[in-house]
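The structure appears below as structure tokens.
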Amino acid sequence: MVTQETLNRINELYHKSKAEGLTKAEFEEQDRLRKEYIAAFRENLRGTLDTIKIQNPDGSIIDVKKRHDEKMAREAQEQYKKGN
């Protein structure tokens, strides 16, 4: 989880890099914090996308994650069959 303190530190390091440059340790810290932020962002987005459901005009509801997983399984089977 990314805290406000982490975001503040990312911004501090960004502004320092533009103004005067970073030391090697600061550059490594900035890289680590950015990767942590991106990982948290992706995890949050994945959680949101996994809960999406679509209601068709006929009233039926489609679970997008389940449908996607089924599609990926079918495509994997097709690729396997083509390989043999």
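On a predicted model such as this, the values are computed, not experimentally measured, just so you know. For reference, positions follow the sequence shown, starting with 1.
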Atom pairs and distances, donor-acceptor, side-chain atoms in residues 64-78, under 3.5 Å, two or more places apart:
residue	atom	partner	partner atom	Å
Lys65	NZ	Asp69	OD2	3.1

Sequence-distant partners of Arg42, side-chain contact (heavy atoms from CB on, under 4.5 Å), two or more places apart: Ile38
Nearest heavy atoms of Ile10 and Tyr37, plus distance in Å: CD1-CB, 4.1 Å
Spatial distance of atom CG (Asn56) from atom CD1 (Ile62) [nearest 0.5 Å]: 4.0 Å
Reported CD-to-CG distance for the pair Gln30 and Leu22, which is rounded to 0.5 angstrom: 5.0 Å
Contacts of type side chain to side chain donor-acceptor pair (under 3.5 Å), residue Ser17, not counting sequence neighbours: none
Asp58 side chain to Ser60 backbone, donor-acceptor under 3.5 Å: yes
Nearest non-hydrogen partners of Lys53 and Asp63, listed with the distance: NZ-OD2, 3.4 Å
Donor-acceptor contact present, side-chain Asn44 to main-chain Ala40, <3.5 Å: no
Heavy-atom neighbours of Glu26 CD exceed 12 at 6.0 Å: yes
Intermediate values then yes/no, side-chain contact (heavy atoms from CB on, under 4.5 Å), Arg9 and Glu5: CA-CA 6 Å; Arg9 184 63 179 153; Glu5 290 145 3; over 6 Å; no
Minimal non-hydrogen separation, Tyr14 against Arg34, with atom names: CD1-NH2, 4.0 Å
Single-linkage hydrophobic cluster, 4.5 Å side-chain cutoff, Leu49 and Ile61 together: no
CD on Glu43 to OG1 on Thr48, rounded to 0.5 Å: 10.5 Å
Distance-only donor-acceptor check, side chains Glu12 and Asn8, under 3.5 Å: no
Glu36 and Arg32, any side-chain heavy atoms less than 4.5 Å apart: yes
